[in-house]
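Worksheet: one structure, shown below.
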2 protein chains.
Amino acid sequence: MTTVNALSEIAALMGDPARASMLSLLMDGRAHTASDLAHNAGITAQTASGHLSRMVEANLLAARAQGRNRFYRLASSEVAHAIESLMALAGTRATPASKSAAWRRDPDLRFCRTCYDHLAGQVGIAVTDSLTRQGHLEPKGPRDWQLTQSGELFCDKLGVDLGTAREASSRHFARQCLDWSERRPHISGALGAAIADTFFRRGWAERLRRSRTVRLTDSGRRALGSHFGATV
Amino acid sequence: MTTVNALSEIAALMGDPARASMLSLLMDGRAHTASDLAHNAGITAQTASGHLSRMVEANLLAARAQGRNRFYRLASSEVAHAIESLMALAGTRATPASKSAAWRRDPDLRFCRTCYDHLAGQVGIAVTDSLTRQGHLEPKGPRDWQLTQSGELFCDKLGVDLGTAREASSRHFARQCLDWSERRPHISGALGAAIADTFFRRGWAERLRRSRTVRLTDSGRRALGSHFGATV
DNA sequence: TTGATGCTTCGGCGCCGGCCGAACCATTGA
DNA sequence: TCAATGGTTCGGCCGGCGCCGAAGCATCAA
């Protein structure tokens with residue numbers, strides 16, 4: 001393959017209106033589901049599926065399966081840079097994030113919910129962000145985190161049962177789980193479950209019946225502020 | 001026109017093999033005749049004519065009639081930049097272990113070439129690295145550099161025409177341009193052009209015919225060592 | 001289990017656009 | 001003026017690819 005052909009193949013991928021529409025949506029830097037991208041581009045799921053796999057093949061996108069959903073995001077900042085420089089030629093700039101309709105539909109679920117056995121939504125992200133920001137949590141490999149020494153102390157002070165969490169040796173300790181509403185990773189795995197358990201045990205949060213939705217109590221709201229430095 | 005359509009239209013123009021071939025040839029920053037471009041792309045003159053007028057219409061190319069000939073060149077350095085950033089993506093297609101065939105096949109192009117009107121490849125990177133390492137060049141914002149006081153002196157000593165470079169006020173002075181073969185930024189903008197001009201004027205480098213490839217002369221190799229402290 | 005949902009694969013249709021031959025226009029040189 | 005050369009316009013052919021319906025697989029909820 002020549003340099004020229006490589007150029008034309010990459011450009012041709014971006015040159016289809018449907019694919020360009022998907023790339024534009026993904027310029028917000030977050031991950032979107034295949035159906036989200038299909039709907040946004042105004043095409044059927046099966047057509048979108050073909051487009052998406054071609055772009056993954058060409059290393060424009062990265063895919064990650066989670067449950068029944070498949071999330072796609074831009075493969076690298078270089079891809080975003082190339083798209084931006086093409087948009088610059090057209091005299092336009094990248095559009096900021098545009099929220100999907102589904103995103104607005106369920107504000108409570110979006111705010112806080114359980115994802116299996118750990119916290120997700122804005123609260124789950126707030127906890128995750130707080131831990132990384134304070135240096136308690138750091139990346140370990142592409143899909144995991146690990147607690148730092150200060151993180152161990154912090155969890156102990158909070159009453160998070162790290163001993164039991166570590167005993168579940170067959171399970172990932174601190175896995176990155178992609179949050180569908182926030183489109184960013186939150187903590188899952190044994191640590192995520194232990195943290196969620198702490199929230200329920202200390203009365204910071206309550207499960208709603210027959211729903212994944214979780215209600216943050218007043219004391220929970222205060223705890224987020226005092227322990228995590230977060231206001232939600 | 002939406003930004004999405006603008007993106008796809010520009011990308012689609014670059015996405016045709018024949019047009020991509022023309023754009024690649026024009027990446028040398030020089031003007032080429034229509035028949036030259038047609039022959040290089042392996043198509044007939046009438047087909048090329050259609051492609052060329054479409055690219056002029058889209059402001060990718062600028063045309064100038066001269067006698068019976070019609071010369072085409074890239075419309076702006078922004079076009080060159082967009083093409084270069086697409087080529088950077090094309091380099092990531094295969095598995096990281098094996099570079100693309102084109103990458104292996106074209107060692108001279110990788111070593112030194114023009115990117116529109118400035119130097120790219122290993123030599124372009126060596127110059128850029130030398131300037132930053134010696135404190136002559138420092139980052140200014142996310143995508144630009146600026147010359148330090150010592151950098152001004154250094155350029156004067158070298159014979160780089162900074163006055164003319166600064167006069168082109170509509171143009172970025174020292175822009176970061178992502179090098180597709182080295183995967184790191186080199187100097188573009190008015191300063192990049194002035195430096196390249198110095199290399200050609202002092203006989204340190206020579207353009208090869210009908211190619212973006214640049215040959216470093218023996219004196220150029222010595223100059224890289226003495227002035228820039230680089231061995232290539 | 002059963003049904004619902006998300007995603008993919010397969011097959012066939014339709015059309016957009018790249019291609020060239022032929023003809024035409026413009027500039028040059030004699 | 002006439003031929004030669006470079007470039008463009010027009011018309012028609014045809015292949016590639018974007019599209020969807022149908023069907024199939026995987027996951028989740030009850």
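None of these values were measured; they are calculated from a predicted model.
Looking at heavy-atom distances under 4.0 Å, B:Phe71 makes no contact with the nucleic acid at all. Heavy atoms of A:Ser53 sit nowhere under 4.0 angstrom from any nucleic acid atom. Note on A:Ala34: only backbone sugar-phosphate atoms sit closer than 4.0 angstrom, heavy atoms only; bases stay farther off.
Each ring-ring contact (aromatic ring centres under 6.0 Å, His included) pair with one or both residues in residues 41-85 of chain B, not counting sequence neighbours, appears once here: A:His81-B:His81. A salt bridge (Lys or Arg N to Asp or Glu O under 4.0 Å) check over residues 69-83 of chain B, counting only residues at least two apart or in different chains, returns nothing.
Not one side-chain nitrogen or oxygen of B:Arg68 sits closer than 4.0 Å to the OP1 or OP2 atom of D:dG7.
For B:Asn69 and D:dA4, the CG to P distance is 19 Å, given to the nearest whole Å. Spacing between atom CD of B:Glu57 and atom P of D:dT9 amounts to 12 Å, rounded to whole angstrom units.
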For nucleotides 19-23 of chain D, print each protein N/O atom paired with a nucleotide N/O atom at under 3.5 Å, atom names and distance only.
{"residue": "D:dC19", "atom": "OP2", "partner": "A:His51", "partner atom": "NE2", "Å": "2.5"}
{"residue": "D:dC20", "atom": "OP2", "partner": "A:Thr44", "partner atom": "N", "Å": "3.2"}
{"residue": "D:dC20", "atom": "OP2", "partner": "A:Thr44", "partner atom": "OG1", "Å": "3.1"}
{"residue": "D:dC20", "atom": "OP2", "partner": "A:Thr47", "partner atom": "OG1", "Å": "3.0"}
{"residue": "D:dG21", "atom": "N7", "partner": "A:Gln46", "partner atom": "NE2", "Å": "2.5"}

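Using a 4.0 Å cut-off between a side-chain N of Lys or Arg and a carboxylate O of Asp or Glu, A:Glu9 and A:Arg54 do not qualify as a salt bridge. B:Arg212 and B:Glu84 are joined by a salt bridge, as a carboxylate oxygen and a charged side-chain nitrogen come within less than 4.0 angstrom of each other.
In the helix from C:dT1-D:dA30 to C:dA30-D:dT1, the end axes, each obtained as the rotation axis mapping the C1' atoms of four pairs onto the next four within a five-pair block, lie 30° apart to the nearest 10 degrees.
For B:Ser53, there are no side-chain hydrogen bond (donor to acceptor under 3.5 Å, both in side chains) partners at least two apart in sequence or on another chain. In this structure, the side-chain hydrogen bond (donor to acceptor under 3.5 Å, both in side chains) partners of A:Gln134, at least two apart in sequence or on a different chain, are A:Ser130, A:His136. For A:Asp197, the salt bridge (charged side-chain N to carboxylate O under 4.0 Å, His left out) criterion is met by A:Arg201, not counting sequence neighbours. Contacts of A:Ser49 classified as side-chain hydrogen bond (donor to acceptor under 3.5 Å, both in side chains), with partners at least two apart in sequence or in another chain: none. For A:Arg19, the salt bridge (charged side-chain N to carboxylate O under 4.0 Å, His left out) test picks out no residue, with sequence neighbours left out. With sequence neighbours excluded, no residue forms a side-chain hydrogen bond (donor to acceptor under 3.5 Å, both in side chains) with B:Ser24. For A:His39, the ring pair (Phe, Tyr, Trp, His ring centres under 6.0 Å) criterion is met by no residue, not counting sequence neighbours.
Reading DNA chain C from its 5' end, the first and the last nucleotide to sit under 4.0 Å from a heavy atom of chain A are C:dA4 to C:dT9.
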